[in-house]
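Here's the structure, in structure tokens; my notes come after.
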Amino acid sequence: MFTALGARIKGWWRTNRLRCATQWKTIRPGPEARRGAVWGSLAAALVCAFIGGLYLRTGFGYPIDFAFAFAVAAVLILVVTLLVALLLTILRRLPRMASGMIAGCALLATLIWFPVPAGTLIAIAAAFLGAAIAIFITGRFREAALSKKIITVALCTLAVAANVYVVWLFATEGSLDKLASWKPPADSMPAMLPAPNPAGNGPLAVKTLFYGAGTDIRRPEYGPGVAIKTRTVDASLFFEDFKGWKRSLRKKYWGFDADRLPLNARVWYPEGPGPFPLALIVHGNHDMADFSDPGYRYLGELLASRGFILASVDENFLNSGLFHDPPKQQQVRGWLLLEHLKLWRRWNREAGNPFAGKVDLNRIALMGHSRGGEAAATAAAFNRMKYYPDDANIRFDYGFAIQAVVAIAPADGQYRPAGQHRWIENVSYLTLQGAHDADVSSFMGSRQWDHVRYTQPGPWFKAEIYAYRANHGQFNTVWGRADAGEPLSWLLNLKPLMPGPEQRRISKTYIAAFLEATLKNRREYLPLFQDWRVARAWLPETLYVNRYQDASYVPLAAYQEDADLTTTTVPGGSIDGANLSIWREGRIPFRQGNRDYNGVFLGWNRAKDAPPATYSITLPEHAAADWRLDANSTVELSVAALDEDAPLPGKKKDEKKKPDQKERESPDFTIELVSSDGTTVHVPVSRLAAVPPPLKEKFTKVPLMETMAYPKDWEPIFQSVRAPLSAFTGDAGSKPFDPRKLTVVRLKFDRTAAAVICIGGLGFGRQ
């Protein structure tokens with residue numbers, strides 16, 4: 001029986017194999033289809049090579065760029081063709097040379113759009129289209145079998161559709177998917193700030209000049225005609241590991257090596273005797289042949305008209321180009337800012353210099369964008385050191401009166417002094433970030449914000465501003481609307497972005513107000529950093545989140561001291577929770593990675609008729625008196641809403657369940673204060689601040705690219721809640737509340753039915 005069954009199966013297999021072989025011969029692509037596929041692939045490869053040369057931008061000119069791109073394309077296609085031909089010779093199945101040419105063209109196209117497979121899809125679509133067109137043109141289509149005609153028409157239709165889709169994908173700006181619709185309640189808005197709009201031009205006439213080594217071979221503004229000729233600086237000890245052809249090629253392009261870095265800058269300054277506060281701003285990483293330092297002219301003209309000197313520092317020679325970044329350039333970016341300050345110190349006392357006596361060196365600010373934002377913080381840290389922390393052979397001797405640091409969409413952690421976080425002390429710090437930043441997609445400036453500390457009383461404060469629909473590049477007029485170079489930028493989702501002038505209105509408003517407050521003691525602008533809503537008429541209409549803290553702040557719970565959920569940062573205090581469905585401490589996440597410091601995560605889901613969840617912090621004995629709490633004191637906490645579902649109390653969270661995809665509501669709760677005599681007062685958070693729900697973003701047009709490059713569509717962003725003790729009220733007939741007797745701060749989650757939040761810290765400050 002088994003023998004007969006085996007024979008039947010064997011016969012069935014032989015019959016169907018022969019039938020499939022016969023069918024394959026009927027529909028098998030002929031020579032004309034193979035030639036068409038090759039020509040289609042080559043056409044796609046030529047387009048990709050042209051695009052590669054167009055946007056290569058080595059700085060040596062288009063003839064070199066195109067020659068290089070087409071040479072790489074030719075060599076790559078030839079090598080892949082031979083390799084595939086060799087492989088198929090071994091396999092003896094597919095046409096060798098045609099398959100090799102198609103594979104080589106596909107690989108070239110893939111490299112152009114790396115790391116997404118768009119290039120491969122383009123090459124395959126072009127190959128199918130070329131094959132179909134060749135069959136139609138050669139006239140063999142009429143002679144083909146019906147099955148082959150059907151397949152040819154189907155493939156041609158699919159190829160045309162794929163090519164049309166690719167063109168449409170590149171041409172469209174994207175979509176508004178995931179864009180938040182939440183807005184702060186109109187009836188909760190505070191009064192507008194009674195101060196002049198800081199983004200308005202001041203009364204002073206603006207002048208400009210360039211200074212530099214005077215030997216630049218690329219830019220005439222830094223050539224022999226500079227207004228002030230400067231020395232060069234030797235950075236060779238930083239670049240001891242930078243060797244070989246890469247260093248030689250970079251030297252060939254710029255005309256100088258690491259031992260002769262120029263000190264170049266363009267300056268906007270007010271007409272008048274001064275002295276004026278001084279601010280330096282430095283760009284971040286960008287194509288080194290697409291010069292970045294002119295991109296802050298809008299800030300230079302504004303600030304100079306308001307009585308500040310602004311120098312936009314040239315560090316383009318440290319930027320990407322010629323296929324690499326110089327090693328350790330992050331450290332050098334900050335060091336160069338301090339070397340520029342040395343020039344200004346000398347010029348201020350040098351007779352005959354255009355800036356003699358015009359610079360107030362007791363009022364200095366350092367500012368930067370992207371890697372430049374990290375460089376400004378690095379310079380503030382180096383300013384207080386005697387040696388470069390990674391090599392004591394490099395001595396520092398600075399000690400400038402740096403009062404303020406501004407970081408626009410900064411990087412953080414690309415350089416860590418001696419492998420540690422960069423702490424800066426006793427300076428005011430402002431960081432701005434766009435929520436739709438496709439380059440620095442996590443709020444890195446917020447981590448540096450947490451590493452600014454105040455060791456003594458003073459006028460300093462730190463603030464962060466997070467602006468929805470703002471991106472990375474539009475803070476610099478040179479960088480443009482997209483946060484990636486062409487052609488990869490064609491795949492970015494640009495539709496949600498606000499116009500460039502609107503985005504720069506944010507930086508003009510906040511930076512001008514910050515410098516007025518820190519360098520000119522215009523304290524009337526402080527409320528702008530405490531609650532963005534007081535300046536809503538000055539800002540573009542979008543969503544903002546802001547965090548604020550000043551030197552008066554005393555931490556009660558910072559969540560860094562130990563792993564015990566019940567202890568406070570200040571010894572002697574205690575923490576308790578009731579009816580919470582989530583209560584844990586841990587690292588606060590970024591979109592990718594985390595902030596390297598802890599917060600507390602609290603979730604509640606209130607069942608019907610159940611008591612509200614609470615989170616209570618008991619102060620150490622006599623703490624309220626020791627801290628001199630009074631009616632002018634504030635309770636301050638940083639709150640971020642999370643895109644998580646809170647289970648019912650006592651129920652385990654389902655880790656496999658995806659979060660509810662509907663837009664979440666703004667979390668609201670009550671802050672209660674309890675005194676030692678039993679008096680309780682309270683205030684709802686929504687009366688003090690607008691805590692937004694998780695703000696989501698879509699950065700690209702391609703789902704696969706989105707998943708690869710941006711694994712999460714949100715991250716926790718902290719909103720400050722500053723509750724003046726004078727804002728708390730008690731129940732009717734209760735005793736007056738005495739802040740000196742405060743014993744418990746309690747968060748009562750009674751105003752939103754369910755939510756998960758993260759608190760980055762809780763403490764006390766002063767109004």
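Numbers for residues simply follow the sequence, beginning at 1.
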R536: partners by salt bridge (Lys or Arg N to Asp or Glu O under 4.0 Å), with sequence neighbours left out: none

Test item: R447 side-chain N/O and D412 main-chain N/O as donor-acceptor pair under 3.5 Å: yes

Y548 and F529 aromatic centres sub-6.0 Å: no

Centroid separation Y466 to F443 less than 6.0 Å: yes

Note: D450-R547 ion pair, threshold 4.0 Å (strictly below): yes

Side chain to side chain, N426 and R384, heavy atoms closer than 4.5 Å: yes

Spacing of R722 atom CZ and Q767 atom CD [to the nearest 0.5 Å]: 7.0 Å

Ring-ring centroid check W344 F355, cutoff 6.0 Å: yes

Heavy-atom check, side chain of F737 versus side chain of S726, under 4.5 Å: no

4.5 Å side-chain heavy-atom contact, S312 and W268: yes

Partners passing ring pair (Phe, Tyr, Trp, His ring centres under 6.0 Å) against W423 (at least two apart in sequence or in another chain): H451

Residue list, salt bridge (Lys or Arg N to Asp or Glu O under 4.0 Å) with R453, at least two apart or on another chain: E425

Side chain to side chain contact (heavy atoms under 4.5 Å, CB included) partner of F400, the single match among N362, L338, L337, L278: L338

